[in-house]
Amino acid sequence: MHNAYLETSILNISVLIESIAAYDDNLLIGTREGQILLYNIPPVLDDNHKLELLRYSRRFFRKRIIQIDVVPEYNLLIILADNIVYILDAGSQSFPIVSTLNKTRGATIFTLKSQNLTGEKNTDICLCVAVKRKLQIYSWKGENLKEIKDCELTVPDIPRELAWCGESLVLGFRGLSYTILELNGKAKELFPTGKSLEPSVTKLCDNSFVLGKDSQSFIMDTKGELIQHNPVKWSDTPSAIAWDDPYLLGIVHDRLEVYTIEGCLHIQTIQGLNKARLICRCKQGKVFVASISHIWCVKAVDITLQIRTLLEQTQFQLAQKLTSLLHVTEKEKTKQIYRIQTLYAHHLFRNKRFQEAMDVFLKIGTDPYEVIILFPDLVTSSSNTSEVTDPTLPKLQDHDLEKGLRALIGFLTAVRHKLISDTKPKDKDNAKEKSVVEGEKNMTAVATEQLLKIIDTTLLKCYLQTTDALVAPLLRLNHCHLAEAEKTLLMHQKYSELIILYETKGQHRKALELLEKHAKGNDLSLKGTARTIQYLQHLGKDHMDLILKFSGWVLNEDPEQGLRIFMEDIQEVEQLPRPKVLDYLLRCHKDLVITYLEYVVHVWRDTNPLYHNVLIHQYKEKCLAGMSKNATPTEQETAQHLRQKLYQFLEKSAHYTPETILVHFPFDNLFEERAIILGRLGRHQQVLSIYINLLNDIEKATQYCDKVYTRYQNLETADKEKQTDRADEVYSLLINQLLKPDSEEILMTVCSPEAQQTLQPDLEMALELLEKHASKINPLKALEVLPDTVPIGRIKHFLEVGLQKNLNARRRIQVLKGLLHAEQLQVKEQRMHYESQSALMTELNTCSVCKKRFGNQSAFARYPNGDLVHYSCRDRKE
């Protein structure tokens, strides 16, 4: 794919190389003869820069150095020779032995784990040594490695591969399988090593490693699960593998193959490594490969050049991975990664992988407008720049266009949700912090609003081309650009949705004009008056002029349903200014006034006298119109029904003003209703005159007297004294009216001269009422109007009841007087008792609260139990 590494032959020695290790720019070689060589590798390798042999040891090991490793923080070498693990001093000239782990005699392999915690001299070191079928665990304590005795583990066979991975050990057994072993002894067997028999374990990081199976390498985690299902596939079984992020390097015969783990891509093959058998990583970008007598340095090509090449080859993910390894500031690194991911997203888009592209755009936080311009048809002509008309953009049609728009919808919806969430206010306890936050919000509010406007307008266009059903929900809470959205909806003839747009943008006049225009059209959603009624109901009192203007045609078209604009159980409707509504209906739709006022009075329970008075007036006018000579039978029937309502309303309502009503009431009609009004004014004489002299209805007159008298008796004494309408004498007025009809008054008000001639006194009825209501009539008042010719026997019962009533009242007064006198004596006796009590004040008296003595000028208080306190201390005692 590209050249990620360059190899350089750096050393050709006469001794036989058995093992190698590296750190910083140093290379350690363990020979088959038992020697240790330490070379320094210069940063630049050419003919003028030779390797420097820093230190070496003479042959003091009898056999080959099987394995070698280093702990740079402590200048320690750990080697395996003669089947024993030795610890050497790497800082001394001839690598003297620091410690010999005698217990490791018979060892075949070891693995080292060092973890720098907080500094150079605070490194945690753990060593695991395989001694036949036993695993010994050592840790660095002070200056020596000490065995952790409780951690000796037994395994089923002699391990050929051993590596730390986190807190677990990964083991490979020849011809068997791989195993993950925890320090508590819990083991998990993985999969067999394959046909090659020899295992291969390569650590990637603390929680992942690579296991080989024939010509494949599998990436695993510490739980024994595959991190990715696709393995790295080599050309043949590699003899050694090293990890140099992000590449996996493996020796396959005489060549070095380079692969990536993500995507398992083959990157490079380096030829000419004759009989290479060992490989180790020194540091990032530097790997050493060794044969039995030759060493090569495999060094990474400059990362910047690699990234450039990878971008040309559209390998964006690998380029991003390499960018994270650059030695630049985090700000520059972030900027470079953003550029690569942006190129990657555009590459995906051009290959019509729309959803993947949008996921990348969303992940890196791309400006939504930069994504929108990838769809030129969604951008207005005013902003149609050269960037919009990029010739490399694919021309999307049909299925591809729909697929792209749906991916764009998902992207814009996610960005919109985040923007709205970020603009929501958050509670801050600290007032200063809150003010700072509010200041920042004010600075970004305009930009956020503009961005939301672009997003919502674009979403509207996308929905119109993909999913019509989502247009209305978007418009109900939108930030669309009004003119652009209006133009788009008109082009698609989406009038119902256009009304929603107008409503959310406060363009109520346009919405109502459109509703009126399409009320008789073919669009079922706009046809008729229902949509207009619903719209007007939710406008509210601030738009009263619009409501009155556009309700006219609705009321003319459908009065019954149209009146719901002003009378519905909706908050906005209930809060409309009712006087304005009433005035409008009286001027333009008088036939609907009664229905409206009945709803106001009976449903909303409005007690404003205005509505009660007007409703009575409307009832009266309708009744009089239906009672005229020219009225049709239907009008007469309606008038009769309304008169019943008028009568009941006058009886039940307590909020109309009878004085105002009476002025406009007729004198020659509606006598019963007039009597109710006069009764509210306390004009009992006129009421009784109408019932008796005009209506000739003694029963109703009597019922009226019963009602007035009962109401009077239920009053408190103080309220009775305030009465000025002679309610207690109402029966006397009735008797007087029967005996002396008000002919002149009736003639002047409601009666014709012919009717006046028939008015005659009714002595028999008066005497009958006297007998029946004797206890309710003042005898003196009755005797004043009775003729002298009435025999005493006719009024015997009346007189007896009256006399008995007076005697009872007198007796009640005497008993009450006696009780009051007794109460007065009790109060006097109680007063004398309290006045007889005294308290002696001397200089020795002290306050029971503050425990101080009373001075000559001290004010004090005495409690019923005899306690004396300063007047100022009384609150504390209470």
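Along the sequence shown, residues are numbered consecutively beginning with 1. Reckoned from all heavy atoms, side chains included, excluding hydrogens, waters and symmetry mates. Treat the numbers as computed from the prediction; the structure is a model and nothing was measured.
Across all their heavy atoms, Asn556 and Pro559 have their closest contact at O-CD, 4.3 Å. The shortest heavy-atom contact between Trp604 and Glu568 is CZ2-O, 3.7 Å.
Residues Asn478 and Thr504 have side chains that bring a donor and an acceptor to within less than 3.5 angstrom of each other. In this model, a donor atom of one side chain and an acceptor atom of the other lie less than 3.5 Å apart for Arg564 and Gln561. Under 3.5 Å, the side chains of His617 and Glu621 contain a donor-acceptor pair of N or O atoms. Side-chain polar atoms of Glu513 and Tyr502 form no donor-acceptor pair below 3.5 angstrom.
No donor-acceptor pair closer than 3.5 Å links the side chain of Lys541 to the backbone N or O of Gln575. A donor-acceptor pair is defined here as one N or O able to donate and one able to accept, closer than 3.5 Å; no such pair exists between the side chain of Lys352 and the backbone of Lys403.
If you take CZ on Arg531 and CD on Gln534, they are separated by 7.0 Å, rounding to the nearest 0.5 Å.
Ion pairing between Lys363 and Asp359 fails under the 4.0 Å rule for side-chain N and carboxylate O. Using a cutoff of 4.0 Å between basic side-chain nitrogens and carboxylate oxygens, Asp377 and Lys461 are not scored as salt-bridged. A salt bridge is absent between Glu486 and Lys505; no separation between the charged side-chain nitrogens and carboxylate oxygens falls under 4.0 Å.
In this pair, His347 and Phe316 present their aromatic rings tilted. The plane angle is within the 30 to 60° band.
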